[in-house]
Amino acid sequence: MLDPKRLRNDLQGCATQLARRGYQLETETIESLEEQRKQLQVTTQELQAERNTQSKAIGQAKAKGEDAAPILEAVADLGDRLKAAETQLQEVQQQLDAILLGIPNIPQPDVPDGRDEDDNVEIRRWGEPRQLDFEPKDHVDLGEQIGGLDFDTAAKLTGSRFAVMSGGIARLHRALIQFMLDLHTTEHGYTETYVPYIVNAESLRGTGQLPKFEEDLFKLHHEQDFYLIPTAEVPVTNIVRDVIIEDETMPRKYVAHTPCFRSEAGSYGKDTRGMIRQHQFEKVELVQVVRPGDSLAAHEELTGHAEAVLQRLELPYRVVDLCTGDIGFSASRTYDLEVWLPGQGKYREISSCSNFEDFQARRLRARWRNPGTNKPELVHTLNGSGLAVGRTLVAILENYQDAGGRVAIPAALQPYMGGLQRLE
RNA sequence: GGAGAGGUGGCUGAGUGGUCGAAAGCGGCGGUCUUGAAAACCGUUGACCGGCGACGGUCCGGGGGUUCGAAUCCCUCCCUCUCCGCCA
């Protein structure tokens, strides 16, 4: 959520900033609602003040044993008038809130302008795609040859966009998770965290998935509004919801491995082959909660932590600065990490590292007590995949294949595979 | 699943219709004293909204209701704890 004060004081400025990302702010509607809100709030508060003083007077009169009847008569209709004003105020406030919750974050000034992913800007590359003297297979064919990657069985068990893994591939998948968690906890200073895979609506509102993106989520049949998490970002970031964090425990750095569940509504026909786009996938997620002044540096640092995984695995990748038209709803800036996939002959997203500044924190009421002023201030939140495990598995299969369709195990993973050097 | 007890400020905990945003203690902050520290003593100490400000308003788990007036009464939901049953 944007700062309502900023929106009020600089509506046109906000509209201009938001237009960069293709969002049209309904300035007239907001202005008119805001005006109504102000009036109604003043009226309501005046009536409340009157009720308070009169009620106090009644209390005092009764305490002294005086007759309170005249005052009671004077305030007879006050309750009704107050209720009417409160109801109107509430209605206007709700309309205003609904609009406010639907406004995306303002991009940072140096985010490149653009309409869609074609306007994203590559900022660096790491590693060279291997020169192959044979026609590379994609991970589906490799999986079939090695055995242990089975989409047909998954379709029988559930439906499309699921996978069954077994044997060496299943182990490699698990090894990746262990490797990533170990790297981030022992070398990057993150605290390993285990969280629920089911969250309530309030948590999803806090990180920005609700109310706007409900169709992307799996909702449970349950008395309460429960959803499967689309990313660990939701439960992990919500750890600090409604919390005032003491300075000594800042910054907070969490790493969590969870499955992620996405309905992929609206992506029919996209990435239908293989395990690039699944309804269920594993991810190791990095989340940082930092002091408001520190988020730009933290964003670079966190992106570097995600890159370190690819570097250890010796997978060629590039870093892309998402343009204003492509960054997510809650983000002020996002770097995507794209890994080289020989089976597709292109770079594909494997991690997305975002700075949300105070956008999520405001929804979460996540604050930090500034030792300088001793006052609570909104924190800044960030997160990034470190990494998407399924896609990392795909990248290893495709980048480490040989002419015979066998797959070497990256050196960094061999300790996690009992010393095994290749899948065949 | 059955029975019961609770949810109050950073923490413990009092308050069961009227100057209660809320006693007291702890903790925090400032001060006196001290070479310094401790102890003792004194003072101070919640968040949010509107307003340049004076100030006004809201908040005692969430929501709704009764009342001139609710932390206190009623309804409902959520959460925690204890006992029994079941269970990875």
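All chains are named by letter (A, B, ...) in the order of the sequence lines, taking the proteins before the strands, and each is independently numbered beginning at 1. Note: hydrogens, waters and symmetry copies are ignored here, and every other heavy atom, side chains too, is used.
- Following rounding to the nearest Å, A:Ile245 (CD1) and B:rA47 (C1') show an atom-to-atom distance of 16 Å.
- Straight-line distance between the P atoms of B:rU12 and B:rG21: roughly 24 Å, to the nearest whole Å.
- Distances shown here put a side-chain N or O of A:Asn52 below 4.0 Å from the OP1 or OP2 atom of B:rG57.
- In this structure, A:Lys5 atom NZ and B:rC52 atom C1' are separated by 13 Å, rounded to whole Å.
- Across all strands shown, nothing is found opposite B:rA23 as a Watson-Crick or G-U wobble partner with both distances under 3.5 Å.
- The shortest distance between the side-chain N/O atoms of A:Lys38 and the OP1/OP2 oxygens of B:rG57 is not below 4.0 Å.
- Between A:Ile244 and A:Gln45, it is A:Ile244 whose nearest contact on RNA chain B lies nearer the 5' terminus.
- Distance check: A:His139 NE2 to A:Gln401 CD gives 12.0 Å after rounding to the nearest 0.5 Å.
- Between A:Phe261 and A:Tyr197, the ring center distance fails the sub-6.0 Å criterion.
- Counting only heavy atoms from C-beta on, A:Lys375 has its side chain closest to B:rA47 among B:rC79, B:rA47, B:rU19.
- Here the options are A:Gln288, A:Gln360, A:Arg252, the test is side-chain hydrogen bond (donor to acceptor under 3.5 Å, both in side chains), and the partner is A:Thr381; only A:Gln360 passes.
- Remark on RNA chain B: of its neighbouring residues A:Lys62 and A:Thr53, the 5'-side contact belongs to A:Lys62, judged by nearest-heavy-atom nucleotide.
- Of the C1' atoms belonging to B:rG69 and B:rC11, the separation is 32 Å, rounded to the nearest Å.
- Not one N or O on the side chain of A:Ser351 forms a donor-acceptor pair closer than 3.5 Å with the backbone of A:Ala306.
- Rounded to a whole Å, the CZ atom of A:Arg362 is 13 Å from the C1' atom of B:rC48.
- The side chain of A:Gln90 lies closest to B:rG64, out of B:rU58, B:rA47, B:rG64.
- In A:Arg6, the CZ atom is not crowded: 12 or fewer heavy atoms of neighbouring residues, nucleotides or ligands sit closer than 6.0 Å.
- Rounded to a whole angstrom, the distance from the C1' atom of B:rG61 to that of B:rC42 is 37 Å.
- For B:rG18, the base has no donor-acceptor partner in the side chain of A:Lys56 [N/O atoms by modelled type, under 3.5 angstrom].
- Residue A:Gln93 contributes atom CD, which lies 18 Å from atom P of B:rG57 at whole-angstrom precision.
- Across all strands shown, B:rC33 forms no Watson-Crick or G-U wobble pair with both distances under 3.5 Å.
- Judged by distance alone with a 3.5 Å cut-off, no donor-acceptor contact links the side chain of A:Gln48 to the base of B:rG57.
- Comparing the C1' positions of B:rG13 and B:rA71 gives an interatomic distance of 14 Å, to the nearest angstrom.
- A distance of about 32 Å separates the P atoms of B:rU66 and B:rG51, rounded to the whole Å.
- Using atom P as the reference point in both B:rC26 and B:rU44, the two lie 16 Å apart (nearest Å).
- Taking only side-chain nitrogens and oxygens, A:Arg51 comes nearer than 4.0 Å to OP1 or OP2 of B:rU58.
- With rounding to whole Å, A:Arg365 atom CZ is found 13 Å from B:rG61 atom C1'.
- The distance from atom CG of A:Leu72 to atom P of B:rU67 is 13 Å, rounded to the nearest whole Å.
- Here the C1' atom of nucleotide B:rG61 and the CZ atom of A:Arg241 are 13 Å apart, to the nearest Å.
- Using a distance-only test at 3.5 Å, with no hydrogens or angles considered, no donor-acceptor pair links the side chain of A:His173 to the main chain of A:Val389.
- Residue A:Arg367 places at least one side-chain N or O closer than 4.0 Å to OP1 or OP2 of B:rC48.
- As the counterpart of B:rG1, B:rC84 is assigned, both hydrogen-bonding distances of the Watson-Crick or G-U wobble pattern falling under 3.5 Å.
- When each of B:rG18, B:rC49, B:rU19 is scored by its nearest atom to the side-chain atoms of A:Ser55, the top-ranked nucleotide is B:rG18.
- Rounded to a whole Å, the CG atom of A:Asp242 is 12 Å from the P atom of B:rG10.
- Using the Watson-Crick or G-U wobble rule with both distances under 3.5 Å, B:rG17 pairs with nothing in any strand shown.
- At a threshold of 4.5 Å between non-hydrogen side-chain atoms, the residues A:Glu86 and A:Gln48 count as touching.
- Separating the C1' atom of B:rG18 from that of B:rA70 is a span of 10 Å, rounded to the nearest Å.
- To the nearest whole angstrom, the two P atoms, one in B:rU8 and one in B:rG62, are 10 Å apart.
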